[in-house]
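These numbers were taken from a predicted model, which means no experiment stands behind them.
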Amino acid sequence: MSTPPSLTDRTALTRNRDRSDESFLHAIAVDEIKDRLEVVNKTFTAPAIVTGHGDFWRDALPDCTVVGDDETLDLSPGAHDLVIHAMALHWANDPVGQMIQCQRALKPDGLFLAVLFGGQTLHELRAALGQAEVEVTSGLSPRVAPMAEIRDMGALLQRAGFALPVADAVPVKTTYASPLGLMRELRKMGEQNALNARLRNFTRRRVIARASEHYIDAFSDPDGRVRATYELIFLSGWAPDASQPQPLRPGSAAARLADALGTTETPLKD
């Protein structure tokens, strides 16, 4: 069986990350992760973080073991009671494989949390760049990584073997002085194009100019700043354990719903 082509150029991704700096989006992600951990009635003694931004997350959560988001994760089976996959899963060539490895690294009833960019991220930039490139070059090349929709993520958690899967999203709306300011922010975050199928030559100035024009026309505020949307998707799931709530067997209910609601049950006709 042939190996499917890789989505991400890992060499380019590492180079982009090495040039990156602290991002406000990572700070938001850390705060959200901490909020979610506070509502879990459990003390974690062996936590681990999987990320491509090790310095930032190590400083933010100093009690955690931090490993890179390589294709094969440096996690020992059954060694952790908490694994956080932080701001890296959207670049994974095999996101389900990454989740499976995290699940195997958990002790029974261990918690998995993940935060990644979702499908609504930078939809304004995608539209402006796509329109400009078609106009200038009569073609279209991949410039922004495809990102998962939240409706698909719960199913991926189940495929990876997690119990009690939950997926939710936090939209982050922000503005920039110009579309070029947004592009500089992406470079600062290490989130510029690292797709294997990307063009390897510099983007034509005319494409950037037209994209900026389209962006300003469609997504500018009255004060002249341009809007940008980021979507942070948060995932949670538990390593299976006998102590967890189990679904009831169909037909095992001891009371009728109609009785609980105080209403009359109307049988369906054959």
Side-chain angles (χ1 to χ4, degrees), residues 1 3-10 13 25-26 28-30 32-33 35-37 39-40 44 47-53 57 67-75 77-123 126 142 144-172 191 194-197 229-241 244-247:
M1 182 181 295
T3 302
S6 296
L7 173 72
T8 302
D9 179 347
R10 299 290 303 183
L13 180 62
L25 290 167
H26 284 258
I28 292 173
V30 166
E32 290 285 342
I33 289 291
D35 287 345
R36 284 160 168 75
L37 290 175
V39 301
V40 177
F44 298 101
I49 299 176
V50 178
T51 186
H53 305 270
W57 284 85
V67 302
D69 62 324
D70 302 321
E71 302 285 1
T72 301
L73 300 180
D74 187 17
L75 295 173
H80 302 281
D81 52 8
L82 170 66
V83 174
I84 301 170
H85 207 298
M87 298 295 280
L89 201 55
H90 54 280
W91 282 117
N93 286 314
D94 181 11
V96 175
Q98 291 273 303
M99 292 185 195
I100 290 172
Q101 292 181 72
C102 291
Q103 198 261 21
R104 290 174 177 169
L106 286 170
K107 301 176 182 180
D109 202 36
L111 176 61
F112 171 73
L113 292 176
V115 53
L116 64 152
F117 287 120
Q120 294 303 306
T121 298
L122 300 178
H123 67 84
R126 295 172 192 265
V144 181
M147 300 175 191
E149 298 292 341
I150 187 171
R151 61 178 177 269
D152 302 322
M153 298 310 295
L156 294 185
L157 283 167
Q158 288 182 314
R159 282 180 58 191
F162 287 106
L164 310 174
V166 175
D168 67 285
V170 174
V172 179
E191 295 290 342
L195 296 172
N196 257 325
T229 300
Y230 300 96
E231 181 184 36
L232 296 180
I233 291 180
F234 291 85
L235 310 176
S236 67
W238 296 82
D241 185 70
Q244 294 166 351
Q246 302 295 320

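Arg104 places no side-chain N or O within donor-acceptor distance of the main-chain N or O of Met99, the cut-off being under 3.5 Å. In this structure, Asn93 contributes its side chain and Thr8 its backbone to a donor-acceptor pair below 3.5 Å. The main-chain N or O of Leu73 is found under 3.5 Å from a side-chain atom of Gln101 such that the two form a donor-acceptor pair. In this structure, Asn196 contributes its side chain and Ser6 its backbone to a donor-acceptor pair below 3.5 Å. Between the side chain of Asp74 and the backbone N or O of Val67 there is no donor-acceptor pair closer than 3.5 Å. Although no hydrogens or angles enter the test, the distance criterion places no donor-acceptor pair under 3.5 Å between the side chain of Ser236 and the main chain of Leu113.
Across His90 and Glu191, no two heavy atoms sit closer than the pair NE2-OE1, 3.2 Å. What you find for Ala114 and Leu89 is that their closest heavy atoms are CB-CD2, 4.5 Å. The two atoms that bring Ile150 and Ala169 nearest to each other are CD1-N, 3.5 Å, heavy atoms only. What you find for Ala105 and Leu75 is that their closest heavy atoms are CB-CB, 3.7 Å. Annotation for Val166 and Leu157: closest pair O-CD1, 3.7 Å, computed over non-hydrogen atoms. Between Ala167 and Gly154, the closest heavy-atom pair is CB-N, 4.2 Å.
Residue Phe117 holds its CZ atom at 7.0 Å from OH of Tyr230, rounded to the nearest 0.5 Å. Rounding to the nearest 0.5 Å gives a distance of 10.0 Å between CG of Leu82 and CZ of Phe112.
Under 3.5 Å, the side chains of Gln98 and Asp69 contain no donor-acceptor pair of N or O atoms. No donor-acceptor contact under 3.5 angstrom links the side chains of His123 and Glu231, judged on distance only.
Counting heavy atoms from C-beta on, the side chains of Val172 and Ile28 come closer than 4.5 Å. In this structure, Phe234 and Leu116 have side chains that are not in contact, with every pair of non-hydrogen atoms separated by 4.5 Å or more. In this structure, the side chains of Leu195 and Trp91 come closer than 4.5 Å at one or more pairs of heavy atoms. Side-chain contact between Leu122 and Met147: absent, with no pair of heavy atoms (C-beta onward) separated by less than 4.5 Å.
When the shell of 6.0 Å around CZ of Arg126 is examined, it contains more than 12 heavy atoms from other residues, nucleotides or ligands.
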